[in-house]
Amino acid sequence: MWDADDRRLDAAVSLGIITAAQAVEIRALTPERREDTPAASRSAPAAAIGYALGALTVLISMAWFLSDRWEWLGPGGALAVSLLYAAVFLVVARRLRRESYPMAAGLAVLLAVGMTPVGTVALLELFDVFASMPAGACSYPEFIFWGCRGEELVVELATLAAALIALRRVRFSPLVLPIAVIGLRFLFHVTAAVFGAGLGAATLGWTWMIGGSLFAVTAYETSRRQRGDQDFALWLHLVAALTAGVASGMLIDAFEGFRHLLIPGAAVAFAFSLRLQRLVWTLLGLIWFVAYLGWLAAEVFRDTPFFPIVLAALGIAVIVATVWVQRHSARLVARFGALGSDGKPSFPGAPALLVLPALVAALQLPGALTLDRANRRDADARLAVSRRQQAARRDSLEAVRQARESGSTQETPRVTRP
């Protein structure tokens with residue numbers, strides 16, 4: 001049965017089987033969805049917001065309780081509480097799924113997965129598996145595999161395993177989010193194991209860029225392969241866009257010339273968003289575009305009176321171009337359709353084009369590490385000079401104070417009159 005937003009119609013237009021006008025007419029003939037059905041009402045936006053607020057409230061209450069009462073409960077008590085919470089969430093999820101509330105059931109499963117880090121930390125503390133060590137005493141590879149990060153890695157692996165098991169049992173797309181976040185954490189662990197501790201903005205910025213590129217590729221391939229009513233690629237696109245945004249901020253802070261890549265990056269983000277119909281990339285492109293214009297206005301053309309006029313003209317041109325695109329959208333979709341020949345979302349040059357930033361970032365890591373070390377030495381030298389200056393200032397003030405005190409304690413000689 002045809003649906004009003006069925007992408008097979010777009011594929012048929014792209015292949016030349018039907019025209020764009022015929023696709024519009026077919027969509028007009030499709031029956032409207034009934035919003036009063038149980039499935040539609042349970043997945044309405046208001047219900048989704050309510051579910052999200054309820055889950056967030058539960059998470060905040062659990063974090064508050066455990067952080068405030070951890071010492072009172074002890075590792076054994078915290079482990080018991082986390083297991084009890086997880087059991088309750090799983091029972092509730094099973095009941096909700098039987099009642100045909102899949103979204104609420106999925107959130108309950110996600111909350112049960114969220115108790116895994118708490119239970120793992122409590123279990124490790126209960127058996128005193130990892131001894132606490134100061135960060136300065138850590139070295140590689142002990143830093144990663146057994147030392148300061150050993151407990152952290154065990155917690156992440158346990159959470160990853162719980163999320164994968166839950167995802168295998170329950171088709172609920174937000175379960176991809178903790179998996180993606182832990183995958184990003186592993187990337188930073190690998191970078192730290194290879195290049196050492198104390199990484200600076202340049203090295204971390206390129207690491208964030210590698211993560212954003214890899215997540216973009218994963219999200220793209222997931223968009224093409226996923227089936228059913230669960231949009232697993234949504235959360236991967238969200239993580240990829242956020243990671244790319246953080247990477248751009250850190251790299252601009254480390255390399256001033258990097259800001260000139262914001263405009264072409266915004267163009268790629270806009271094109272990616274249009275082809276795959278992902279709003280998050282449009283938002284990222286807008287952030288990059290506005291950030292570059294703000295830099296131009298604040299730094300480059302700060303004293304140029306005509307720049308606001310040129311900027312306003314550019315804005316009007318963008319509005320006119322947008323109106324033209326909306327007016328000819330059907331013809332543009334037919335000519336440059338977002339669906340490939342197989343009827344799935346496609347992007348020209350992908351996935352090679354999406355992997356390219358990760359390869360470039362990986363090649364830049366050694367140079368970035370050298371730059372970070374040089375910046376750290378300069379910062380240490382400036383700090384040492386500042387401390388010496390402060391010590392000299394304190395010594396001079398102490399000398400003045402002592403001189404004043406010694407002058408006030410000296411007795412004035414008496415003069416005897418004849």
Side-chain angles (χ1 to χ4, degrees), residues 59 62-63 66-67 82 110-125 129-130 132-133 135 138-168 173-219 221-222 232-251 280 284 354-355 357-358 361-362 364-365 368-369 372:
L59 284 176
M62 288 190 303
L66 290 173
S67 62
S82 62
L110 184 60
L111 291 174
V113 172
M115 296 309 301
T116 305
V118 179
T120 306
V121 171
L123 185 64
L124 294 176
E125 289 187 4
V129 177
F130 294 98
S132 59
M133 298 174 59
C138 299
S139 60
Y140 289 86
E142 291 82 6
F143 181 82
I144 289 294
F145 298 107
W146 188 252
C148 302
R149 294 288 178 90
E151 182 177 5
E152 182 179 341
L153 281 173
V154 171
V155 171
E156 292 172 354
L157 289 173
T159 307
L160 178 62
L164 290 174
I165 293 173
L167 189 61
R168 185 174 180 85
S173 60
L175 286 170
V176 175
L177 188 58
I179 299 175
V181 173
I182 294 173
L184 184 62
R185 291 285 301 163
F186 285 165
L187 177 62
F188 280 92
H189 291 325
V190 172
T191 304
V194 174
F195 295 101
L199 304 179
T203 308
L204 292 178
W206 289 120
T207 305
W208 280 99
M209 181 64 71
I210 294 174
S213 175
L214 296 179
F215 275 117
V217 175
T218 307
E221 292 297 332
T222 304
F232 296 96
L234 169 65
W235 306 100
L236 296 174
H237 281 289
L238 178 62
V239 174
L242 290 176
T243 305
V246 174
S248 62
M250 298 192 71
L251 291 175
V280 64
L284 180 62
L354 301 177
V355 174
Q364 295 294 326
L365 282 176
L369 182 63
D372 286 336

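Heavy atoms only: backbone and side chains are in, while hydrogens, waters and symmetry mates are out. Each residue takes its place number in the sequence, starting with 1.
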Distance col, row L184:CG vs F215:CZ, nearest 0.5 angstrom, shows 5.0 Å
Compare every heavy atom of E156 with every heavy atom of I182, then report the nearest pair and how far apart it is. CD1-O, 3.5 Å
Is the shortest heavy-atom distance from the side chain of L110 to the side chain of P178 under 4.5 Å? yes
With sequence neighbours left out, what residues match T207 under side chain to side chain donor-acceptor pair (under 3.5 Å)? none
Residues at least two apart in sequence or cross-chain that pass side chain to side chain donor-acceptor pair (under 3.5 Å) with Q364, listed by chain then number, are none
Please check: side-chain N/O of T159 versus main-chain N/O of V155, any donor-acceptor pairing under 3.5 Å? yes
Residues forming a salt bridge (charged side-chain N to carboxylate O under 4.0 Å, His left out) with E125, sequence neighbours excluded: none
Donor-acceptor pairs under 3.5 Å, side chain of residues 232-246 to any protein atom, not counting sequence neighbours: which ones?
unit_1	atom_1	unit_2	atom_2	d
W235	NE1	S173	OG	3.1
H237	ND1	W281	NE1	2.9
H237	NE2	S223	OG	3.1
T243	OG1	V239	O	2.6

Pairwise distance CG(L160) to OG1(T116) - rounded to 0.5 angstrom: 10.5 Å
Which residues pass the side-chain contact (heavy atoms from CB on, under 4.5 Å) test with I165, not counting sequence neighbours? none
Please enumerate all residues that pass side chain to side chain donor-acceptor pair (under 3.5 Å) together with S248, with sequence neighbours excluded. W288
Side chains of L157 and F186 in contact at under 4.5 Å (non-hydrogen atoms): yes
